Amino acid sequence: MYQKLMEQAVKAREQSYSPYSGYKVGSALLSKSGKIYLGCNIENASYTPTICAERTAFFKAISEGVKEFEAIAIVGGKDTLSPSCTPCGVCRQVMVEFCSPDFKIILGTPDDYKIYTLKEMLPYSFSQKEL
Ligand code: THU
């Protein structure tokens, strides 16, 4: 399943709009009901409106009423896939809003990937539990 999710992230990366950084990212977000939402990074000439591949996938799902998630696969790199593309801090914080600490984050390439938990990637996070 995780390899299939990585392959979907590679497919999503093909849609990356990244003329400024040249860094293309793709993500595949698996909902608890088994549906996969794809996302890519979308950049802007004004830079700050840029959105990451991870948040694109999350916001697509959430805007369709889906708020329970199992895992996300993420791939990124310039010409070829980088083995060290990890989600940015803002995307990790969005994951904390909608996912449990054991939510899986799959990084690397379809042939060589590692599985992390959200708790590992964002320890001591701030969440709605504080409010
Ligand atoms: N980017 C992502 O889409 N996800 C990440 O996890 C890291 C960074 C994008 C944002 C920007 O378009 C490009 O990669 C370079 O930062």
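Atoms within a ligand are numbered from 1 in the order they appear, just like the ligands themselves. Note that this is a predicted model, so its numbers are computed, not measured.
In terms of hydrophobic clustering, with Ile, Leu, Val, Met, Phe, Trp and Tyr side chains grouped at heavy-atom distances under 4.5 Å, Leu122 and Val90 are assigned to different clusters.
A donor-acceptor pair under 3.5 Å is absent between the side-chain atoms of Gln8 and the main chain of Ala28, judged by distance alone.
At least one side-chain heavy atom of Lys35 sits less than 4.5 Å from a side-chain heavy atom of Glu64.
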Donor-acceptor contacts, no H, no angles, side chain residues 99-107, under 3.5 Å, sequence neighbours left out:
residue, atom, partner, partner atom, Å
Ser100, OG, Asp102, OD1, 2.6
Lys104, NZ, Asp102, O, 2.9

Identify all pairs of nitrogen or oxygen atoms, one from ligand 1 and one from the protein, separated by less than 3.5 Å, and list them with distances.
residue, atom, partner, partner atom, Å
ligand 1, 3 (O), Ala53, N, 2.9
ligand 1, 4 (N), Glu54, OE1, 2.9
ligand 1, 4 (N), Glu54, OE2, 3.4
ligand 1, 6 (O), Glu54, OE2, 2.5
ligand 1, 6 (O), Thr86, O, 3.1
ligand 1, 6 (O), Cys88, N, 3.4
ligand 1, 12 (O), Asn41, ND2, 2.9
ligand 1, 12 (O), Glu43, OE2, 2.5

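Residues satisfying the side-chain contact (heavy atoms from CB on, under 4.5 Å) test with Glu97, not counting sequence neighbours, are Gln128. With sequence neighbours left out, the side-chain hydrogen bond (donor to acceptor under 3.5 Å, both in side chains) criterion links Thr50 to no other residue.
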